[in-house]
Amino acid sequence: HCFCYCFKHLYFQEKRENIRSLTMSGHVGFESLPDQLVNRSIQQGFCFNILCVGETGIGKSTLIDTLFNTNFEDYESSHFCPNVKLKAQTYELQESNVQLKLTIVNTVGFGDQINKEESYQPIVDYIDAQFEAYLQEELKIKRSLFTYHDSRIHVCLYFISPTGHSLKTLDLLTMKNLDSKVNIIPVIAKADTVSKTELQKFKIKLMSELVSNGVQIYQFPTDDDTIAKVNAAMNGQLPFAVVGSMDEVKVGNKMVKARQYPWGVVQVENENHCDFVKLREMLICTNMEDLREQTHTRHYELYRRCKLEEMGFTDVGPENKPVSLQETYEAKRHEFHGERQRKEEEMKQMFVQRVKEKEAILKEAERELQAKFEHLKRLHQEERMKLEEKRRLLEEEIIAFSKKKATSEIFHSQSFLATGSNLRKDKDRKNSNFL
Ligand code: GTP
Ligand code: MG
């Protein structure tokens, strides 16, 4: 890594050395480039997307209304949602000649389920879905990123309950799962319910808990000298303890946004009462562009890298050699082709194997059938032979019987003749006696 960095450094230095600085003898006009950029941006308009994560009724809508000094017409959510849903609404706002397309995404039903283990998942999915939509637009042949409505979340305002104790497991789990995807600015909601000394302790406790759990929250940038000092100071005051209200109360001779209680008035824009102004300054006036930039260069870049790597694209091939998209594409195509051929071959072999198996089964069935047939044939033969034998015996019996019958007939006729002559002799004898 170190070597790589040194190499790059040297390379750029060498390149820079090849560039010569010249002085011009007159005005050319490219000093107006920043103005051109400003004009173009104003014409194009800006877009900013805020995600509010916090329990139902924690004061999300009131704070957003107070931040942008308007009523966004949000309705109360029910405490009985079976799961967390995200609701996005886009508005067009205008301040002097600057147009802002503002999208506010609310978590509906967050923290209301008995099992809160998966509460962060819909939020993660939503953020990823916006990145995916942008990536798909980028990957199109005919891109229209200029007119594309960028819905990627630029900041996540995480509303912490003003318990004065510590973060809840749900808070830690959610922030931990979101910190690599979005700029998180944690805020202590309804800060008017915590006393001043308790609030300081609470802030320190929260920050130490975030650090010990490795949750990366958004840090206001300190690389730009013009805002470095204020940003550094504000980083030390996180998380901001905020109070929201659209109600106006007369304080002195001025109407101010405040919450009125029987014992006094909490002024939203009074820095002695809460950090609302700090949040507004940091979020809208000073760092809105940085939040947009960080979203594109850090979070989206990470999503894009992971996604492309998942799809098999890399910048370096084996032996750390740089590979172009074209080469990766060719390699992938080759790999895919090979894989397809391998699969085809595998399927062919499987088919042949199946046919062989089926053939063997059929042959076995044929053999069994043949054996059965042989067996039946044998039985049939045996039966036939038995019957033949029976017939032969019967025929013999018939012959014997016929013989017997013939003999008995002869015998019978002889005995009849003999009986006839005897009768005649008896008669003659009787007649002679009579005479
Ligand atoms: P859902 O969208 O229904 O989840 O609620 P929400 O988080 O948008 O809360 P909402 O802004 O509707 O406020 C809920 C209640 O809390 C309202 O009665 C507000 O007046 C009150 N509330 C809002 N902000 C504050 C605050 O800073 N301090 C106190 N004490 N109450 C607040
Ligand atoms: Mg709301």
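Counting from 1, the numbers follow the sequence of the chain as shown. Whatever order the structure lists them in is the order used to number ligands and atoms, beginning at 1.
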> What protein heavy atom sits nearest atom 29 (C) of ligand 1, and how far away is it?
Replying inline: R259 NE, 3.3 Å

>> Is it the case that ligand 1 has an N or O less than 3.5 angstrom from some N or O of G57?
In response: yes

> Taking the six-membered ring for Trp, are Y148 and Y134 parallel (under 30°), tilted (30 to 60°) or perpendicular (over 60°)?
Replying inline: perpendicular

> Nearest to atom 8 (O) of ligand 1, what protein heavy atom do you find, and at what distance?
Replying inline: S61 OG, 2.7 Å

>> Pairs of nitrogen or oxygen atoms closer than 3.5 Å, one from G59 and one from ligand 1: do any exist?
In response: yes

>> Within a 6.0 Å radius of atom CD on E366, are there more than 12 heavy atoms belonging to other residues, nucleotides or ligands?
In response: no

>> Applying the side chain to side chain donor-acceptor pair (under 3.5 Å) criterion to Y303, which one of Q130, R298, E132, K181 satisfies it?
In response: E132

>> Does the protein come close to atom 2 (O) of ligand 1 - that is, does one of its heavy atoms sit below 4.0 Å from that atom?
In response: yes

>> As an exercise, state the distance from CZ of R305 to OH of Y300, rounded to the nearest 0.5 Å.
In response: 13.5 Å

> How far is atom 11 (O) of ligand 1 from its nearest protein heavy atom, and which residue and atom name does that atom have?
Replying inline: T62 OG1, 2.4 Å

> Under 2.8 Å from the Mg ion (ligand 2), is there an N/O/S atom belonging to T56?
Replying inline: no

>> Can you report which non-hydrogen protein atom sits closest to atom 6 (P) of ligand 1, along with the distance?
In response: K60 N, 3.5 Å

> Heavy atom under 4.0 Å from ligand 1: found in D192's side chain, backbone, both, or neither?
Replying inline: side chain

>> Looking only at protein heavy atoms, which one is nearest to atom 16 (O) of ligand 1, and what is the separation?
In response: K190 NZ, 3.1 Å

> What's the shortest heavy-atom distance between K60 and V53, and which atoms?
Replying inline: CD-C, 4.3 Å

> Counting heavy atoms not belonging to E396, are there more than 12 under 6.0 Å from its CD?
Replying inline: yes

>> Using 30° and 60° as the class boundaries, would you call the ring planes of F220 and Y218 parallel, tilted or perpendicular?
In response: perpendicular

>> Assess the residue pair E389 and R392 against the criterion (salt bridge (charged side-chain N to carboxylate O under 4.0 Å, His left out)); give the C-alpha distance rounded to whole Å, side-chain angles, the decisive distance to 0.1 Å, and a yes or no.
In response: CA-CA 5 Å; E389 181 64 18; R392 198 180 54 75; 2.6 Å; yes

>> As a test of the contact definition, would atom 26 (C) of ligand 1 count as having a protein heavy-atom neighbour under 4.0 Å?
In response: yes

> T56 heavy atoms, cut-off 4.0 Å: which ligand 1 atoms fall inside?
Replying inline: 3 (O), 4 (O)

>> Counting only heavy atoms from other residues, nucleotides and ligands, does the tally under 6.0 Å from NZ of K87 exceed 12?
In response: yes

>> Please list the nearest protein heavy atom to atom 24 (N) of ligand 1 with its residue and the distance rounded to 0.1 Å.
In response: G244 O, 3.7 Å

>> Below 4.0 Å, non-hydrogen atoms only: which portion of F276 touches ligand 1? Side chain, backbone, both or neither.
In response: neither

